[in-house]
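Numbers restart at 1 for each chain; the letters A, B, ... are given by sequence-line order, proteins then strands.
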Amino acid sequence: MENKQVSSNFIKNIIIEDLESGKHKKILTRFPPEPNGYLHIGHAKSIVLNFDLADEFKGLTNVRFDDTNPVKEDTEYVESIKEDVEWLGYKWDGLYFASDYFEEMYNRAVLLIKKGKAYVCELSANEIRETRGTLNRPGQESPYHSRSVEENLDLFTRMRSGEFPDGEKVLRAKIDMASPNLNMRDPVIYRIAHASHHNTGDKWCIYPMYDYAHPIEDAVEGITHSICTLEFEDHRPLYDWVIRECEMECQPRQIEFARLNMTNTVMSKRKLKLLVDEGVVDGWDDPRMPTISGLRRRGYTPEAMRSFVREIGVAKGNSIVDAQMLEHFVREDLKLKAPRTMAVIKPLKVIITNYPEGQVEWLDAENNPENPAMGVRKIPFSREIYVEQDDFMEDPPPKYFRLFPGNEVRLKNAYFIKCNEVIKDEQGQVTELRCTYDPETKSGTDFTGRKVKGTIHWVEAAHALPAEFRLYEPLILDEQEEADEPEGEEAVETGTGTSADFLDHINPNSLEILQGFIEPNMAGVKPQDKFQFFRYGYFNVDVRLTSPEKPVFNRIVSLKSSFKL
RNA sequence: UGGGGCGUAGCCAAGUUGGUAAGGCAACGGACUUUGACUCCGUCAUGCGUUGGUUCGAGUCCAGCCGCCCCAGCCA
């Protein structure tokens with residue numbers, strides 16, 4: 001059962017306090033993506049956090065697109081984001097756009113100017129940077145800092161009307177060029193950009209900056225708790241300044257938490273976009289991508305993703321979650337939901353020499369032994385079957401209890417077979433096995449004559465259906481303990497590393513495509529159908545590659561195994 | 001060397017006013033097994049970055065060190 005309670009965390013504690021003290025009667029949170037890319041598992045953490053928190057205290061959550069930078073944003077992204085949020089299982093209260101509030105923001109900026117709290121600055125971007133000061137040196141006041149209110153009003157109006165080219169002027173908040181917090185050194189709050197906006201078209205040529213826009217968006221909607229990531233902690237004084245100086249009646253509280261990082265996972269929109277643009281992957285929804293659409297196509301379920309996010313918790317320390325946790329939660333979710341069938345991924349033909357030629361019998365097989373409600377199906381058995389190549393070794397190590405010359409194993413749902421002969425080609429490759437079966441050992445007859453150590457899966461050859469299987473490994477491998485790597489090579493700087501550097505470290509084995517067989521009763525599987533292939537893992541029918549002739553299965557995750565060769 | 005944060009097991013993470021270290025993942029034993037899966041049972045911090053201090057008692061309070069992350073976009 002899915003546990004919907006948010007486990008104890010500092011944000012929840014704040015909300016409880018605010019409710020108990022009467023500061024708020026009702027909670028309103030928001031998920032504020034910028035529509036400049038697809039959502040990934042890290043966003044899922046924020047989505048689940050915001051919606052669950054509101055839910056738990058009978059509050060609501062808005063989805064608001066933070067679309068204040070027209071040159072990066074696109075409706076393709078807003079559509080995918082809406083789809084992903086819904087797929088995760090959440091219903092927003094309001095669906096808004098920051099661009100809905102442009103007029104409001106403009107009016108508040110005029111108010112700032114009238115109060116002498118903002119001014120139009122004509123310094124170039126370079127000059128602004130140069131006069132900002134450094135981490136330990138204060139900045140210098142802009143020569144435009146003390147313009148009259150009238151002049152500022154006039155200039156700002158003309159900025160809006162399109163009189164000036166991009167970059168020529170900006171509107172700056174007048175705060176404190178000597179503040180130890182660089183964000184307070186007269187931050188730019190409006191810039192000129194003659195770019196058409198996905199929502200407002202060419203109505204505007206000035207656009208508000210995040211630090212100015214976001215608090216207003218929150219306040220206008222009446223957000224009580226504005227949850228964002230750690231890097232905005234330094235921006236909070238500015239957030240509060242805007243709320244106060246713009247005289248917003250509602251005063252949301254910004255709270256920061258650590259974003260999600262996972263082992264072997266790229267979590268940067270920039271890098272993910274690079275993988276898509278460079279064709280390293282199939283698209284934003286490539287099953288190897290940590291995007292919500294990629295995980296969906298891979299076969300992850302919303303339930304598993306929610307459970308995962310709830311379990312990892314929320315805190316303020318940077319951390320890296322083991323990707324195995326995510327895997328754990330899909331296995332758990334699919335355990336009772338997915339039918340268990342047999343598929344042979346790397347086929348090896350087996351002839352059962354003492355089984356009558358031309359005979360076919362239909363055996364019973366449970367669809368999910370742990371969930372009897374899923375019923376029983378019939379599977380064919382005959383003289384020719386396929387087994388897994390990995391289930392045979394000519395010269396096995398001790399403790400190997402699959403097939404090898406002279407050894408007897410159980411065929412799941414069928415009979416015991418014993419390997420008598422190994423057929424090879426000229427290269428010495430094993431191409432076929434000759435075995436004998438024991439009719440006494442038929443499944444369901446409770447045969448107790450002798451025990452066998454191994455049970456392997458198989459598919460009857462004549463009725464087998466061809467299928468493609470795609471096995472995945474992480475797209476990138478985490479850096480090994482850079483053992484004797486010489487230290488001090490500035491160029492190998494990670495994080496902000498160059499694109500070429502990042503692309504060089506892609507795992508060449510992230511995708512393995514195999515052709516094998518599935519049981520005949522699996523004809524007609526539909527995209528997104530999920531199965532446990534006996535002993536091989538959980539698989540999902542691919543939405544894009546599956547054809548009527550041949551289904552393509554993405555391995556979601558393997559089964560755990562304590563078997564070591 | 002300015003400012004803002006963070007340090008509890010291999011990983012994530014609880015720990016309300018000081019009262020004797022939750023839970024999950026992983027790992028490792030064992031039982032069971034027609035999935036080397038699942039399930040079940042057991043093990044896994046005399047210890048909470050570190051050093052001192054206050055106290056009958058400190059992960060929780062105080063002081064000092066050490067380490068890590070973030071900030072100098074007209075990105076969000």
Report each atom pair, protein N/O against N/O of nucleotides 27-31 of chain B, whose distance is under 3.5 angstrom.
none

Between protein and nucleic acid, restricted to nucleotides 74-76 of chain B and to nitrogen or oxygen atoms under 3.5 Å apart, what atom pairs and distances do you find?
{"unit_1": "B/C74", "atom_1": "OP1", "unit_2": "A/R132", "atom_2": "NH2", "d": "3.4"}
{"unit_1": "B/C74", "atom_1": "OP2", "unit_2": "A/R132", "atom_2": "NH1", "d": "3.3"}
{"unit_1": "B/C74", "atom_1": "N3", "unit_2": "A/G167", "atom_2": "O", "d": "3.4"}
{"unit_1": "B/C74", "atom_1": "N4", "unit_2": "A/L123", "atom_2": "O", "d": "2.9"}
{"unit_1": "B/C74", "atom_1": "N4", "unit_2": "A/A125", "atom_2": "N", "d": "3.1"}
{"unit_1": "B/C74", "atom_1": "N4", "unit_2": "A/G167", "atom_2": "O", "d": "3.1"}
{"unit_1": "B/C75", "atom_1": "OP2", "unit_2": "A/R191", "atom_2": "NE", "d": "3.1"}
{"unit_1": "B/C75", "atom_1": "OP2", "unit_2": "A/R191", "atom_2": "NH2", "d": "3.0"}
{"unit_1": "B/C75", "atom_1": "O3'", "unit_2": "A/R191", "atom_2": "NH2", "d": "3.2"}
{"unit_1": "B/C75", "atom_1": "O2'", "unit_2": "A/N69", "atom_2": "ND2", "d": "3.1"}
{"unit_1": "B/A76", "atom_1": "OP1", "unit_2": "A/T68", "atom_2": "OG1", "d": "2.7"}
{"unit_1": "B/A76", "atom_1": "OP1", "unit_2": "A/R191", "atom_2": "NH1", "d": "3.3"}
{"unit_1": "B/A76", "atom_1": "OP1", "unit_2": "A/R191", "atom_2": "NH2", "d": "2.9"}
{"unit_1": "B/A76", "atom_1": "OP2", "unit_2": "A/Y210", "atom_2": "N", "d": "3.0"}
{"unit_1": "B/A76", "atom_1": "O3'", "unit_2": "A/D66", "atom_2": "OD2", "d": "3.1"}

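A/P372 meets the side chain to side chain contact (heavy atoms under 4.5 Å, CB included) test with no other residue; sequence neighbours excluded. Residues passing the side-chain hydrogen bond (donor to acceptor under 3.5 Å, both in side chains) test with A/Q532, sequence neighbours excluded: A/Y538. Under the side-chain hydrogen bond (donor to acceptor under 3.5 Å, both in side chains) criterion, A/K316 pairs with A/E233, sequence neighbours left out. Residues satisfying the ring-ring contact (aromatic ring centres under 6.0 Å, His included) test with A/F97, not counting sequence neighbours, are A/F65, A/H198. Partners of A/Y101 by ring-ring contact (aromatic ring centres under 6.0 Å, His included), not counting sequence neighbours: none found. Judged as a side-chain hydrogen bond (donor to acceptor under 3.5 Å, both in side chains), and not counting sequence neighbours, the contacts of A/E473 are A/N507.
The distance between atom CE of A/M262 and atom P of B/A26, rounded to the nearest whole Å, is 15 Å. Counting to the nearest Å, the P atom of B/A72 and the CZ atom of A/R185 are 11 Å from each other. Residue A/F381 contributes atom CZ, which lies 19 Å from atom P of B/U34 at whole-angstrom precision. Between the CD atom of A/E388 and the P atom of B/G36 there is a distance of 13 Å, rounded to whole Å. Distance, A/N261 CG to B/C70 P: 11 Å, rounded to whole Å. Spacing between atom CG of A/L230 and atom C1' of B/C69 amounts to 8 Å, rounded to whole angstrom units.
Comparing B/C11 with B/C75, their C1' atoms are spaced 33 Å from each other, to the whole Å. Taking atom C1' on both nucleotides, B/C40 is separated from B/A45 by 26 Å, rounded to a whole Å. Comparing the P positions of B/A27 and B/G18 gives a spacing of 40 Å, expressed to the nearest Å.
Among the candidates A/E217, A/R30, A/Q254, A/R253, the single residue satisfying the side-chain hydrogen bond (donor to acceptor under 3.5 Å, both in side chains) test with A/S226 is A/R30.
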| Pairs counted as Watson-Crick or G-U wobble with both distances under 3.5 Å: what dot-bracket string results for RNA chain B, using | for bases tied to another strand? | .((((((..(((......[...))).(((((.......))))).....(((((..]....))))))))))).....
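Residue pairs meeting the salt bridge (charged side-chain N to carboxylate O under 4.0 Å, His left out) criterion with at least one partner in residues 171-187 of chain A, sequence neighbours excluded, do not occur; the list is empty. Sorted by first and then second residue, the ring pair (Phe, Tyr, Trp, His ring centres under 6.0 Å) pairs involving residues 318-347 of chain A (not counting sequence neighbours) form an empty list.
Side-chain N/O atoms of A/D234 and base N/O atoms of B/G3 include a donor-acceptor pair closer than 3.5 Å. Donor-acceptor pairing under 3.5 Å, judged by distance alone, is absent between the side chain of A/R535 and the base of B/G36.
Note on A/R377 versus A/E366: no salt bridge recorded, every NZ/NE/NH1/NH2 to OD/OE distance being 4.0 Å or above. A/R64 and A/E221 are joined by a salt bridge, as a carboxylate oxygen and a charged side-chain nitrogen come within less than 4.0 angstrom of each other. The pair A/K23-A/E17 does not meet the salt-bridge criterion, since no charged nitrogen lies less than 4.0 angstrom from a carboxylate oxygen.
Annotation: A/F232 is in aromatic contact with A/Y210 [ring centroid separation under 6.0 Å]. Residues A/Y300 and A/F308 place their aromatic rings such that the two centres sit no closer than 6.0 Å.
For B/G57, the base adopts the anti conformation, since its glycosidic angle falls more than 90 degrees from zero.
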| query | Once each nucleotide of nucleotides 6-15 of chain B is scored for protein heavy atoms under 4.0 Å, what B/S/- sequence comes out, 5' to 3'? | reply | S----SSSSS
